[in-house]
Each structure stands twice: as structure tokens, then as C-alpha cells.
Amino acid sequence: MQKKFIALGCLGVLVILVLFVVFGVIGSYNGLVALDQQALAQWGQVENVYQRRADLVPNLVETVKGAAAFEKDTFTAVTEARAKVGQVTLGGGANPAANPEAFAKFQQAQDGLSSALSRLMVVVEKYPDLKATQNFRDLQVQLEGTENRIAVERMRFNETAQAFNTKRMSFPTMIIANFFGDRFREKAYFKAQAGADTAPKVSFK
């Protein structure tokens, strides 16, 4: 009789241990899914503001063209950079932050458009009348606002990616994440452009 109680006790402990492991795995998996979806939603916000900028560019170029008819090379550079941004396909709503190669191409294309727009703004400085027109002022305000939104959404994305990566690398969640392979790959971060850590030199010569 005593042996029977001991056997039942051992069985009960074993069942409790199994349930503990099962609920632990389910909790870790669901936690990873929640953080993954949060990062994916935030990535959607990043794409939204980049799309807003891409939509503004044609109007901005046409407005500047009217006053600066001889800056063909700059207009071409901006148009080509915008087209390149549109060619970077990320594939079926997938999160490119889990694909370092696609993520790097996306960031490179967006940095190229940022650089081309900076050159366009330098051209604008040569045409004081252009800066006084209402259309240009409106577009410039919208573009500046969009650049600020891009910075904010990128920062928020990095925060969600950090939360996911921290959870993914924590023990014992990392065992579950590795078991599912690419489903829970580490996410990449947005980084500053090369040379952004160097302050620009101001010269009036």
C-alpha cells in the first residue's frame, strides 16, 4: 500500500514537472510572437513615412524645376534615387529586419535618396525667388516634417527590435527560438549613415 502511494506521488511530481515545462514553452513562444508582431507593426510605420517622402519628391522636383531650369543633373539624381527606393522589394509583408541583406539594401536605397535630396536643397539656395514661393515653402515644410517622422519611427522600430532580440537571446527562450529556426531570427537595427558622427564644417569663403 505504501509503495502504491509513493508511486502515485512520483507520478504526480512528474506530471507537475511536465506541465511546468509545457506552460513554460507556450509562454516563451507566445512572448516571442507578440514581440515579433510588435516589431512588424512598427516596421509598417517606418515604411509609411518613407512612402510619404517618396510621394512628396516628384512634386518637389517639379516645383524646383520651374525656377532652376539648368540643374538637370541634380534633378536626374533625385529622380533616379527615388526610383531605386521603389525597386527595393521586401517581399510579401515579410519583416526585412529578420533578413540582414534585404534590410541593408533598403537602408542603402533610402540613404541614397536622402543624399540626393540634400543636393537638391543646395541647388535651391542659388534661387532666392524659389524659396519665397508658397508652393515650395509648403513642400519644404512637409518634407522637413516627414524627415522628423522618419527619425522617430526608426527610433521606435529600434526599440521594438531591441525588446525582441533581448527576449530571443534570454535563457531558456533562446532554446525555443532556435528550435523554430528562421521563424524567430534576430532583427537588424537602423544605423546612422557613414560619417554622421563627424560634425559638418561651416565655411563662408
Side-chain angles (χ1 to χ4, degrees), residues 35-68 71 74-90 93 95-98 100 102-166 187-203:
L35 290 173
D36 183 56
Q37 289 301 309
Q38 192 176 346
L40 193 58
Q42 185 54 45
W43 177 255
Q45 285 300 109
V46 172
E47 286 190 317
N48 279 341
V49 288
Y50 273 128
Q51 183 61 52
R52 175 184 162 86
R53 179 172 73 166
D55 293 342
L56 284 172
V57 167
N59 290 334
L60 184 68
V61 170
E62 288 304 315
T63 302
V64 179
K65 267 184 181 178
E71 306 292 347
T74 303
F75 300 142
T76 302
V78 174
T79 304
E80 288 179 349
R82 184 191 179 279
K84 198 172 290 182
V85 164
Q87 290 168 0
V88 179
T89 56
L90 303 175
N95 187 351
F103 190 85
K105 284 182 180 177
F106 179 86
Q107 188 170 358
Q108 189 177 13
Q110 295 295 346
D111 288 348
L113 181 56
S114 296
S115 177
L117 284 173
S118 296
R119 292 198 294 276
L120 184 68
M121 289 301 119
V122 171
V123 167
V124 168
E125 294 300 316
K126 299 179 186 175
Y127 301 90
D129 291 343
L130 173 61
K131 289 188 288 184
T133 63
Q134 188 63 43
N135 281 346
F136 178 76
R137 285 204 302 252
D138 290 346
L139 281 168
Q140 193 176 29
V141 167
Q142 289 188 54
L143 195 60
E144 287 173 353
T146 302
E147 293 295 334
N148 290 335
R149 291 184 193 185
I150 288 172
V152 170
E153 298 301 345
R154 283 173 51 147
M155 178 193 70
R156 289 175 178 166
F157 173 80
N158 278 349
E159 289 174 350
T160 59
Q162 182 188 24
F164 174 86
N165 289 339
T166 301
K187 299 191 186 303
Y189 295 105
F190 278 109
K191 296 176 181 174
Q193 285 181 272
D197 55 338
T198 304
K201 293 181 180 178
V202 179
S203 175

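Predicted model, so just to flag it, every value in this text is computed and none were measured.
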Chemist: Could you tell me how the ring of Y50 sits relative to the ring of F190: parallel (under 30°), tilted (30 to 60°) or perpendicular (over 60°)?
Modeler: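 Tilted.
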Chemist: Below 4.0 angstrom, N of the basic side chain to O of the carboxylate: do R156 and E153 qualify?
Modeler: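 Result for this pair is yes, salt bridge flagged.
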Chemist: Closer than 3.5 angstrom, by distance alone: can the side chain of T63 be matched with the main-chain N or O of N59 as a donor-acceptor pair?
Modeler: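 Confirmed, T63 side chain pairs with N59 backbone.
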Chemist: Any chance the side chains of D55 and Q51 put a donor and an acceptor closer than 3.5 Å?
Modeler: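 A donor-acceptor contact under 3.5 Å links the two side chains.
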Chemist: Between T146 and R52, what is the shortest heavy-atom contact and its length?
Modeler: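 T146 and R52 have their closest heavy atoms at OG1-NE, 2.7 Å.
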Chemist: Output the distance between atom CD (Q45) and atom CD1 (I150), rounded to the nearest 0.5 Å.
Modeler: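 The CD atom of Q45 sits 12.5 Å away from the CD1 atom of I150.
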Chemist: For the residue pair Q162 / N158, report whether a side-chain donor-acceptor contact shorter than 3.5 Å exists.
Modeler: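 Their side chains do not contain a donor-acceptor pair, so the 3.5 Å distance test is not met.
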Chemist: Using side-chain heavy atoms (C-beta onward) and a distance below 4.5 Å, is F75 in contact with V64?
Modeler: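 Yes, side chains in contact.
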Chemist: Could you walk me through whether V49 and V152 pass the side-chain contact (heavy atoms from CB on, under 4.5 Å) test, one step at a time?
Modeler: CA-CA 10 Å; V49 288; V152 170; over 6 Å; no
Chemist: Rounded at 0.5 Å granularity, tell me how far NZ in K65 sits from CD in E62.
Modeler: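 K65 atom NZ to E62 atom CD measures 4.5 Å (nearest 0.5 Å).
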Chemist: Less than 4.5 Å apart, any side-chain heavy atom of L120 and any of V57?
Modeler: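 L120 vs V57: side chains apart.
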Chemist: For S114 and Q110, indicate whether the former's side chain and the latter's backbone hold a donor-acceptor pair under 3.5 Å.
Modeler: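 Such a contact is found between S114 side chain and Q110 backbone.
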Chemist: How many angstroms lie between atom OG1 of T79 and atom CG of L113, to the nearest 0.5 angstrom?
Modeler: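 Spacing of OG1 (T79) from CG (L113) equals 10.0 Å.
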Chemist: Distance from Y189 atom OH to E159 atom CD, nearest 0.5 Å?
Modeler: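 Answer for the OH-CD pair, Y189 versus E159, is 11.0 Å.
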Chemist: Do F106 and V85 pass the side-chain contact (heavy atoms from CB on, under 4.5 Å) test, and can you show the C-alpha distance, the side-chain angles, and the key distance before you say yes or no?
Modeler: CA-CA 7 Å; F106 179 86; V85 164; 6.0 Å; no
Chemist: Might you point out which heavy atoms bring A116 and A77 nearest each other, and give the distance in Å?
Modeler: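 Smallest heavy-atom distance, with atoms named: CB-O, 4.0 Å.
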Chemist: Find out whether Q107 and K191 are in side-chain contact, i.e. whether some heavy atom of one side chain is under 4.5 Å from a heavy atom of the other.
Modeler: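 Heavy-atom side-chain distance check passes, below 4.5 Å.
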Chemist: Would you find a donor on one side and an acceptor on the other, under 3.5 Å apart, between the side chain of T160 and the backbone of F157?
Modeler: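 Looks like yes, one N/O pair under 3.5 Å.
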Chemist: For residues D36 and L40, determine if any side-chain heavy atom of one lies less than 4.5 Å from a side-chain heavy atom of the other.
Modeler: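 Answer no - side chains too far apart.
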Chemist: If you round to the nearest 0.5 Å, how far is CG of N148 from CG of L143?
Modeler: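 Here the interatomic distance stands at 10.0 Å.
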Chemist: Quick one: do R119 and V78 satisfy side-chain contact (heavy atoms from CB on, under 4.5 Å)? Show the steps, please.
Modeler: CA-CA 9 Å; R119 292 198 294 276; V78 174; over 6 Å; no
Chemist: Give the minimum heavy-atom separation between A161 and A188, together with the two atoms involved.
Modeler: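 Scanning both residues completely, I find the closest heavy atoms to be CB-O, 4.2 Å.
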Chemist: Please find the pair of heavy atoms, one from R53 and one from L117, that lie closest to each other, and give the distance.
Modeler: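 Residues R53 and L117, closest heavy atoms: CD-CD1, 3.9 Å.
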Chemist: Under a 3.5 Å threshold, yes or no: a donor from one side chain and an acceptor from the other, between Q140 and R137?
Modeler: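 On atom types as modelled, these side chains do not qualify, holding no pair under 3.5 Å.
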